[in-house]
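In what follows, every chain begins at residue 1, and chains take the letters A, B, ... in the order their sequences are listed.
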There are 2 protein chains.
Amino acid sequence: MIRNLTEQDKEHLQEALVKSGQKVTPQREAVFTVLLAERDHPTVDEVFHRAREVMPGLSLATVYNCLETFVGCGLVRQVNHERESTRYCPNLAPHAHFRDKATGRVHDIELPPEVLKSLRSILPPGFDSEVIEISFHGRAQAGEQHSN
Amino acid sequence: MIRNLTEQDKEHLQEALVKSGQKVTPQREAVFTVLLAERDHPTVDEVFHRAREVMPGLSLATVYNCLETFVGCGLVRQVNHERESTRYCPNLAPHAHFRDKATGRVHDIELPPEVLKSLRSILPPGFDSEVIEISFHGRAQAGEQHSN
DNA sequence: CTTGCAGATTAGACTCATTCTAACTGTGTT
DNA sequence: AACACAGTTAGAATGAGTCTAATCTGCAAG
């Protein structure tokens, strides 16, 4: 089920990589393709297995490297929940995460600017935040399909 | 610098433990004392070393056990930041965490009810959240003393 | 063309927080 | 005293992630 990158996605990848002085490689393309194909917040291991279907020689270390590079140049976000394995998310719009207790699935929750603003406003003066992570943990009713 | 539990804190501990069918033990008292003594979000290892000053035979496994028990009966909260070691926090009021990039220190940030409410409101119908974690990551100006 | 080289990839060793296991302890019960 | 049982303990095991040292790749200089 892994389709190739669209021209647009390819450009996006190339631009971000080159802008931070990195190269486009087949491995990076493969990993990026996997991330865009199924936007379900995969773990490194999941990315690894999916990507190997397309590029059998790919190594786990490379998947770690690629993902780190992508995070570094702002192509994807890391998602951590408690001490579980890190997951990766190519959704760059500001959003929160909802982790379903029952299934373990992670859903993106849109974060309206005014809520983001009210959150920033609780910081006392002198605190300057670059990153805000918001995660919910609970139950999502069966039938909810909201994982992009 | 570790002072004994006040009578009030002792009762608080006992009540919470007994309510969930657990016993008060010297080890649990020691660990709880350490948590209340310095409210700086210690890691398990830090709790371990501090507690051993008071109870030299205490084992790391027991510290893990005690902290897990406390979390289970709602006495303390776990605080996770990326994949760093879990930290523990005896502040039960709703609050967010701010992690200082420079020092690694974690500061509690008060969370006003209306902000909490606006956060809850972004969940689509069908999503029912029990826990919300909010963490900021950035720089706190030197001079800010806000770690309780 | 071939040489050099810098960055990327690779397999496998390593780290380290956390969890597990199995033996032991202490206390309360019959 | 013998038992049961929760709690504690040391040390082994786990597993995500990182590090290392050896290739590999693609490109620029000669």
Side-chain angles (χ1 to χ4, degrees), chain A residues 13-14 16-34 41-52 54-73 75-88 99 104 106, chain B residues 13-14 16-34 41-52 54-73 75-89 104 106:
Chain A
L13 173 63
Q14 168 157 16
L17 284 173
V18 169
K19 194 169 3 180
S20 47
Q22 314 267 15
K23 291 175 186 164
V24 179
T25 68
Q27 287 86 345
R28 285 175 181 167
E29 276 193 9
V31 169
F32 194 59
T33 306
V34 163
H41 307 85
T43 61
V44 173
D45 224 61
E46 285 161 349
V47 173
F48 177 52
H49 289 299
R50 291 179 198 171
R52 266 171 89 94
V54 164
M55 184 181 276
L58 186 70
S59 84
L60 180 60
T62 301
V63 175
Y64 273 102
N65 292 340
C66 290
L67 290 170
E68 195 192 331
T69 303
F70 293 165
V71 170
C73 61
L75 274 170
V76 308
R77 265 175 70 179
Q78 279 183 320
V79 184
N80 287 294
H81 253 287
E82 329 241 288
R83 300 209 91 253
E84 289 175 7
S85 331
T86 301
R87 293 170 177 279
Y88 291 83
R99 174 118 163 311
V106 176
Chain B
L13 172 64
Q14 168 158 18
L17 284 173
V18 170
K19 194 170 0 180
S20 47
Q22 315 268 13
K23 292 178 185 164
V24 180
T25 68
Q27 287 87 343
R28 285 173 180 170
E29 276 194 8
V31 170
F32 194 59
T33 305
V34 162
H41 308 85
T43 61
V44 173
D45 223 62
E46 285 162 349
V47 173
F48 177 52
H49 289 300
R50 291 178 198 171
R52 267 173 88 95
V54 163
M55 182 182 275
L58 186 70
S59 85
L60 180 60
T62 300
V63 175
Y64 273 100
N65 291 340
C66 290
L67 290 170
E68 195 193 331
T69 304
F70 293 165
V71 170
C73 62
L75 274 171
V76 308
R77 265 176 68 180
Q78 278 183 320
V79 184
N80 289 107
H81 254 287
E82 329 242 290
R83 299 211 90 249
E84 292 176 5
S85 329
T86 302
R87 293 172 176 277
Y88 291 84
C89 160
V106 176

Within the structure shown, what part of the strands sits under 4.0 Å from A:Thr62 by heavy-atom distance: base, sugar-phosphate, or nothing? base

With a strict under 4.0 Å distance from non-hydrogen atoms of chain A, what nucleotide opens and what nucleotide closes the contacted stretch of DNA chain D, reading 5' to 3'? D:dA16 to D:dT18

Min side-chain heavy-atom separation B:Leu67-B:Val44 under 4.5 Å: yes

Quickly, which of B:Leu58, B:Val47, B:Val34 forms a side chain to side chain contact (heavy atoms under 4.5 Å, CB included) with B:Arg52? Name it, please. B:Leu58

Is B:Pro42 close to B:Arg50 at the side-chain level, that is, under 4.5 Å between some pair of heavy atoms? yes

Would you compute the distance between atom CE of A:Met55 and atom CD of A:Gln27 and round it to the nearest 0.5 angstrom? 4.5 Å

For A:Arg77 and A:Val71, indicate whether the former's side chain and the latter's backbone hold a donor-acceptor pair under 3.5 Å. no

Decide, yes or no, whether a salt bridge links A:Arg99 with A:Glu84 under the criterion of side-chain N to carboxylate O below 4.0 Å. yes

State, with a plain yes or no, whether a side-chain heavy atom of A:Tyr88 is found less than 4.5 Å away from one of A:His41. no

Whole angstroms only, please: what is the CE-C1' distance between A:Met55 and C:dT10? 13 Å

Going 5' to 3' along nucleotides 11-30 of chain C, which nucleotides have protein heavy atoms under 4.0 Å from the base (write B), which only from the sugar-phosphate (write S), and which from neither (write -)? B-----SBB-----------

Would you check if the side chain of B:Arg87 reaches a backbone N or O of B:Asn80 as a donor-acceptor pair within less than 3.5 Å? no

